[in-house]
Every structure is written in structure tokens, then in C-alpha cells.
Amino acid sequence: MRILVVGAGAIGGYFGGRLLQAGRDVTFLVRPRRAGELASAGLIIKSPNGDVTLKNPPTVQADALKDKFDVVLLSCKAFDLDDAIKSFAPAVGPDTAIIPMLNGMKHLDILDAKFGKERVLGGLCAIAATLNEKREVVQLQPMQSLNYGERDGKLSDRVKAIDEAFKSGITGTATSQNIMQDMWEKWVFLSSLAASTSLMRTSVGNILAAPGGRDFLLGMLDETSAIATASGYTPGGPFFERVKGNLTAEGSPMTASMFRDIKAGLPVEADHVIGDLIARADAAKVPVPKLRIAYTHLKAYEKQRAG
């Protein structure tokens, strides 16, 4: 099974690196700068689950990509999706399976329109990882997961084959016959956390310690959950209770990566993670006043950053 990993940043570098470490046929689609880094230093992973240095990992650049691949693992940010699609499109053949690990749902429509719905699986991952100043992949916590599945819930032969390949190298991988539900539940949690910590510019614990903080956090969760319910994906009981616990844990240092990106002056996925939720809320006539304030805040940040 030939696997093309689009990018070798924190997420693509980690999951693709683990597959390569396990002896799988992995190629990284990278830009010239990253290709040079990997050629000289290798792909270096620092992790509580074990460090590894992979010398001369196979790479290809967009202008040289001609071969078709069995699987495309896509882990870019939403604002880079159009460029990513242009770069990996030549690798997509009649039987290629694309596994996107982006947040939200908007990317599915975009990928479906370009490649056909039959080539696009559902997918999501959970991992705390970053690239450090040495351009090494650093996993910050041992927890990790990678889920994928057919969007109609069937356990297809191709998903079984992907699962066999992925399980050989990555701890915490699993097929899902409810991948759309899983993706919606992650979106509910992520958007609640991102909207709240980005708007308040601080951690969950600090928000909870402020007057009205608990009501604000739970109100944000109620709004995102209502959108999911209106879309046919009511958040499950155990999931909802776990998320509620995360958002009401006193003293919690938890923040969203979106908030950390704002602090670093980086681009954010305002439209993909929050804006698209509001559009779905409007279509379903679900009131979301807290989400709207958070979205206005994020768009004002984007305007300031662009100026």
C-alpha cells in the first residue's frame, strides 16, 4: 500500500513518520524548504512514546508528483486546503482513498467536488504535537488517536486494508463505523474550546474563575451542541459528559490551538471552525449569540493581522 502524506509538519510528520518507522511505503509531499531539512537532518520525532530519527525519508515536491497512491493522508490547516489540493491532485487515481484530518466539515464538500465523494473517507485525529525551533516533531503528551471510516458507516475492504497498515505503526488508530458522528462530536468540543479561550484570551481555568465564566463555557457548549443536533448528529451521552467535565475543571490550563495561534500572531481557521458552524445554525434557525461574538472577534483579529 502506497501512502502519500501531504506535509511533514507536526501532525503529518508524526503519523507519517510512525508509519515509515514501521516499514510502510510512505512518501511525504513537501515544499522545497522542508525537503531540504529532511534531506539534511532526517525526520526527527521527540515523543513520550519513543524518539526516532528517520534518515532521508522519501519526499516528493508538487512539480515532480506523477505517481498514483493508494492512500492520501491530508493534515493541512483549512486555509491551506486549496493549495494542498492542487499539490496532491496528480496522486489521486480511480482507487485512491483520501483521509482528511482537518477540523469541521466544510473540507468534505470541497474534496468531494474535486475528487468525487467515493474517494473521500471521514477522518479525525487527536494529538498534541508541534514543530520546535530545530524543525523537529515534538509530541507534547503521550495521548494520540487517529480514526477513519467510510462516511456511510460500512466497513469496506479498503478501510480494513488501511486499518491493517496503520495499526502496524501507529498506536491509537481505529476504524469507525460512525465516523461522521465522531467528526461532529470533535467539532462540538473543539469549537466550544476554541471560541471560548480565543474570545477570553485565556485558559479554561481562568475563565471558570471569573464571574459568569462557568455559565459562559457551558452556554457555548450548548450552542455548538444544538447545531450538531439540528444537523442530525446529537452529541452522545458519555461524550457530552466528558467534554462538559473538561470545560468545568477548575484550574485547568487547557486552551485551544486557535488561541495559541492568536498569541503567536499566526493565521487561524475562523471560517472553517466557527464561521461554518454559524452558517449551519442560520440554516437551521438555531440562535448562537455567543458563537457570533467569538466569530466577530476572530475576524477582527484576521483584519488586524492582514493590516
Side-chain angles (χ1 to χ4, degrees), residues 10-11 14 46-49 77 101-104 124-130 138-147 171-174 176 178 181-229 233-264 266 268-270 272-274 277-278 281 286-298 301:
I11 295 176
Y14 183 83
K46 303 286 189 181
S47 166
N49 298 316
K77 291 284 192 178
M101 296 186 288
L102 288 76
N103 297 312
L124 70 155
C125 68
I127 185 171
T130 187
V138 180
Q139 186 180 14
L140 303 173
Q141 300 170 4
M143 178 276 300
Q144 63 188 46
S145 65
L146 175 60
N147 301 93
T171 303
T173 62
S176 172
N178 297 290
Q181 179 75 29
D182 297 340
M183 291 173 67
W184 264 100
E185 289 185 351
K186 182 185 178 184
W187 196 10
V188 164
F189 173 55
L190 172 74
S191 58
S192 299
L193 181 65
S196 298
T197 60
S198 296
L199 179 59
M200 297 298 177
R201 298 291 181 101
T202 190
S203 67
V204 166
N206 287 338
I207 297 172
L208 286 169
R214 180 185 174 90
D215 289 342
F216 172 80
L217 285 163
L218 293 180
M220 192 73 79
L221 180 59
D222 285 343
E223 290 186 8
T224 59
S225 297
I227 301 167
T229 298
Y233 297 95
T234 302
F239 162 81
F240 192 84
E241 291 306 312
R242 185 170 67 250
V243 169
K244 187 175 179 180
N246 288 333
L247 293 177
T248 55
E250 293 186 8
S252 171
M254 182 182 290
T255 61
S257 59
M258 184 180 288
F259 165 63
R260 297 192 293 273
D261 287 341
I262 290 173
K263 285 182 67 178
L266 299 173
V268 293
E269 297 177 308
H272 197 80
V273 173
I274 307 298
L277 266 183
I278 293 173
V286 174
V288 287
K290 292 180 175 62
L291 265 184
R292 290 186 190 282
I293 295 171
Y295 183 61
T296 299
H297 174 77
L298 292 169
Y301 163 75

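Values below: every heavy atom of this structure, side chains too, minus hydrogens, waters and symmetry copies.
- When all heavy atoms of T197 and F259 are compared, the pair lying nearest together is O-CD1, 3.5 Å.
- Looking at every heavy atom in both residues, S203 comes nearest to T255 through CA-CG2, 3.6 Å.
- In this structure a side-chain-to-backbone donor-acceptor pair under 3.5 Å is present from E223 to L291.
- Residues satisfying the side chain to side chain contact (heavy atoms under 4.5 Å, CB included) criterion with L190, sequence neighbours excluded, are N103, V273.
- Partners of R201 according to the side chain to side chain donor-acceptor pair (under 3.5 Å) rule, which considers only residues two or more places apart in sequence or in another chain, are H297.
- Counting only distance, with no hydrogens or angles, the side chain of T224 and the backbone of L221 share a donor-acceptor pair below 3.5 Å.
- Atom-to-atom distance recorded for M254:CE and L247:CG is 7.5 Å, nearest 0.5 angstrom.
- Separation of atoms OG1 (T248) and CZ (R214) is listed at 5.0 Å; rounding is to 0.5 Å.
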Q. Stepwise, does the side-chain hydrogen bond (donor to acceptor under 3.5 Å, both in side chains) test hold for S176 with N147?
A. CA-CA 6 Å; S176 172; N147 301 93; 6.0 Å; no
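- No donor-acceptor distance shorter than 3.5 angstrom exists from the side chain of K290 to the backbone of S196, with no hydrogens or angles considered.
- For the pair Q139 (side chain) and I127 (backbone), a donor-acceptor distance under 3.5 Å is absent.
- Interatomic distance, M101 CE to I11 CD1, rounded to the nearest 0.5 Å: 6.5 Å.
- Looking at Q181, its side chain does come within 3.5 Å of a backbone N or O of T234 through a donor-acceptor pair.
- You'll find the side chain of V204 stays beyond 4.5 Å of the side chain of N246, heavy atoms only.
- The closest side-chain heavy-atom distance from L199 to F216 is below 4.5 Å.
- Atom CG of L217 and atom NZ of K244 lie 12.0 Å apart (nearest 0.5 Å).
- When side chains are defined from C-beta on, M258 counts as touching L298, because their heavy atoms get closer than 4.5 Å.
- Between I274 and S191, the closest side-chain pair of non-hydrogen atoms falls below 4.5 Å.
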Q: Any chance you could lay out the side chain to side chain contact (heavy atoms under 4.5 Å, CB included) test for L124 and D182, step after step, and finish with the verdict?
A: CA-CA 8 Å; L124 70 155; D182 297 340; 4.0 Å; yes
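- Contact detail for Y295 and A270: the closest heavy-atom pair is CE1-O, 3.7 Å.
- No side-chain heavy atom of R292 sits less than 4.5 Å from a side-chain heavy atom of P289.
- Side-chain contact between V288 and L277: absent, with no pair of heavy atoms (C-beta onward) separated by less than 4.5 Å.
- Put simply, the side chain of S198 does not reach to within 4.5 Å of the side chain of Y301, judged on heavy atoms.
- Nearest heavy-atom pair across P235 and A228 is CD-CB, 4.1 Å.
- Looking only at distances, no side-chain donor or acceptor of E250 sits under 3.5 Å from a matching main-chain atom of L208.
- Between atom CD of residue E185 and atom OG of residue S225 there is a gap of 9.5 Å, rounded to the nearest 0.5 Å.
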